[in-house]
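The structure appears below as structure tokens.
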There are 2 protein chains.
Amino acid sequence: MESTFLKLKENERELRKSVLIEAAMNLFSKKPFHEIGMRDIASEAGVSAASIYRYFASKDDLYVEALIIDIGKIIKKLDEMEKRSIEKLAITVVDYMFDQEATFQLMCHFLVRGEEASAALEKFHSVQILFVKEFNRIVKDLTGEKNKEFHSEAFFASLAGVVMMFRNYPVLTKKERRELMHKIALVIIEKGKPVI
Amino acid sequence: MESTFLKLKENERELRKSVLIEAAMNLFSKKPFHEIGMRDIASEAGVSAASIYRYFASKDDLYVEALIIDIGKIIKKLDEMEKRSIEKLAITVVDYMFDQEATFQLMCHFLVRGEEASAALEKFHSVQILFVKEFNRIVKDLTGEKNKEFHSEAFFASLAGVVMMFRNYPVLTKKERRELMHKIALVIIEKGKPVI
DNA sequence: TGTACATCAGTGAACGCGCGTTCACTGATGTAC
DNA sequence: TGTACATCAGTGAACGCGCGTTCACTGATGTAC
């Protein structure tokens with residue numbers, strides 16, 4: 001009985017956390033990443049900034065948990081993808097990173113800062129490893145080949161680089177940028193031909 | 001006579017600018033990118049923070065000019081490379097981005113922030129286009145093929161992605177990370193085989 | 001040669017702001033006896 | 001049933017700090033006549 005109550009409370013706590021995380025994720029598409037502060041997230045969620053610290057140790061801690069949930073969604077999306085092919089995988093990944101400002105910004109936020117060695121960064125590193133493994137599994141499932149592990153790592157890293165490089169590419173419209181990224185993604189996976 | 005004096009003055013001004021830029025570039029390897037402020041750059045250069053604003057309109061303006069100079073150096077380095085091959089090109093690019101913290105951070109700084117539309121960002125966009133063209137030229141010179149333009153774009157973007165993804169990859173030592181990145185870079189250019 | 005003026009590098013101090021985070025407190029709910 | 005106590009979500013206000021940038025000013029150098 002007691003433990004059930006405790007569990008309910010724990011669930012409720014998790015729910016509250018995810019409300020805060022979703023508020024943050026919402027904001028990312030409304031406001032430039034670097035202009036978002038704790039007060040913004042709080043008011044988006046309808047609470048005070050101080051409240052957030054009941055649930056997260058720091059801003060980076062909230063961010064890393066947000067990214068974890070988001071990565072879970074990507075993995076799920078890739079797993080449930082219909083008519084799976086390596087081309088479709090690439091397009092889906094590129095589109096996700098292009099459209100979900102939150103995902104991309106959070107990913108860069110943690111990837112680009114090295115050093116520092118905070119608790120949040122350690123958490124991120126665990127997720128990073130986990131994601132690489134999951135992505136590798138998905139690629140393996142798809143190709144059936146016993147390809148060496150670093151191939152799928154090369155694959156994802158390349159796609160990430162393409163999105164980073166061209167998501168704000170000048171002159172082009174958003175639509176053209178998307179098409180360019182798709183084109184390049186297909187170049188990357190083009191089989192049996194020189195890549196460059 | 002007058003115009004000579006004016007020119008000398010202009011030269012001196014450019015020299016002073018480059019002193020500030022070099023001070024900033026120096027700092028990037030000493031201190032995490034996001035902890036560097038105008039006062040740091042100023043004291044590294046031996047002037048006051050206010051002085052910087054005699055030469056640069058803003059922090060981002062200084063940064064973008066620093067990046068321009070750095071990109072010039074990369075292009076020069078790639079052009080002067082001995083025993084040129086596409087493999088060596090890849091390794092050189094990867095190493096440069098891995099070792100020159102300044103280059104990598106500045107590149108990400110401008111690539112990741114979109115929107116905003118500041119004067120500095122517009123400057124960056126010109127350089128971005130210019131760099132893509134130069135890099136394309138180098139790749140073309142090297143391969144001799146009439147490869148389509150987006151191939152060299154795919155190539156560089158992939159390498160950038162690899163560095164972003166693995167430069168702080170946990171568990172591994174710095175040496176192992178470098179080796180991993182080299183390995184992946186070679187996978188990316190591996191010809192006549194499936195990329196993934 | 002001397003004097004008045006213009007130019008501009010350089011600066012210390014301050015402005016103004018916003019940030020992440022903490023504190024002391026309230027009030028609601030559940031628990032113990 | 002009532003009372004004392006514990007727990008904890010939530011908060012307004014403040015802390016403390018550092019940032020990019022501006023301002024009013026000094027002083028050196030060059031120019032004009």
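Every chain is numbered from 1 and lettered A, B, ... according to where its sequence line falls, protein lines coming before strand lines.
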#### Entry: Nucleotide forming a Watson-Crick or wobble pair with C:dC33, both distances under 3.5 Å
D:dG2
### Task
Find the distance B:R54:CZ to D:dC25:C1' and express it as a whole number of Å.
11 Å
### Task
Using the side chain to side chain donor-acceptor pair (under 3.5 Å) rule, take A:D60 and A:H109 through it: C-alpha gap first, then chi angles, then the decisive distance, then the call.
CA-CA 9 Å; A:D60 265 4; A:H109 177 72; 3.0 Å; yes
### Phosphate OP1/OP2 of D:dG10: any A:R16 side-chain N/O under 4.0 Å
yes
## Note on the structure
Between CD of A:E35 and P of D:dC19 the distance, given in whole Å, is 19 Å
#### Entry: Whole-Å gap separating C1' (D:dG12) and OH (A:Y53)
15 Å
### Query
Any donor-acceptor pair under 3.5 Å joining the side chain of B:R39 to the base of D:dG18?
no
### Residue matched to C:dA28 through Watson-Crick or wobble contacts both under 3.5 angstrom
D:dT7
### Query
Please give, in whole Å, the distance from C:dA9 C1' to B:L15 CG?
14 Å
### Summary
Any strand, both distances under 3.5 Å, Watson-Crick or G-U wobble: D:dA13 pairs with C:dT22
#### Entry: Row check, A:F110 ring normal vs A:K123 NZ/CZ: under 6.0 Å, within 45°
no
### Message
If we count only N and O atoms by modelled type, under 3.5 Å, do the side chains of A:D95 and A:H182 hold a donor and an acceptor together?
### Response
yes
## Note on the structure
Of B:V47 and A:Y63, the one whose nearest nucleotide on DNA chain C sits closer to the 5' end is B:V47
### Task
Send over the distance from A:F56 CZ to D:dA9 C1', rounded to a whole Å.
14 Å
#### Entry: A:V47 backbone acceptor or donor facing A:S51 side chain under 3.5 Å
no
### Query
Would one find a side-chain N or O of A:S51 under 4.0 angstrom from OP1 or OP2 of D:dA9?
no
### Query
Between B:F104 and B:C108, does a side-chain contact (heavy atoms from CB on, under 4.5 Å) hold up when you go through it step by step?
CA-CA 6 Å; B:F104 183 79; B:C108 289; 3.6 Å; yes
### Task
Can you tell me the distance, in whole Å, between the CD1 atom of A:I41 and the C1' atom of C:dG18?
15 Å
### Message
If I take atom CD in residue A:E12 and atom C1' in nucleotide D:dT7, what distance separates them, rounded to the nearest angstrom?
### Response
13 Å
### Task
Select one nucleotide: of C:dT21, C:dC23, C:dC19, the one nearest the side-chain heavy atoms of A:D40.
C:dC19
### Task
Write down the distance between CG (B:L62) and C1' (D:dT21), rounded to a whole number of angstrom.
14 Å
### Query
OP1 or OP2 of D:dG10 less than 4.0 angstrom from a side-chain nitrogen or oxygen of A:Y55, does that happen here?
yes
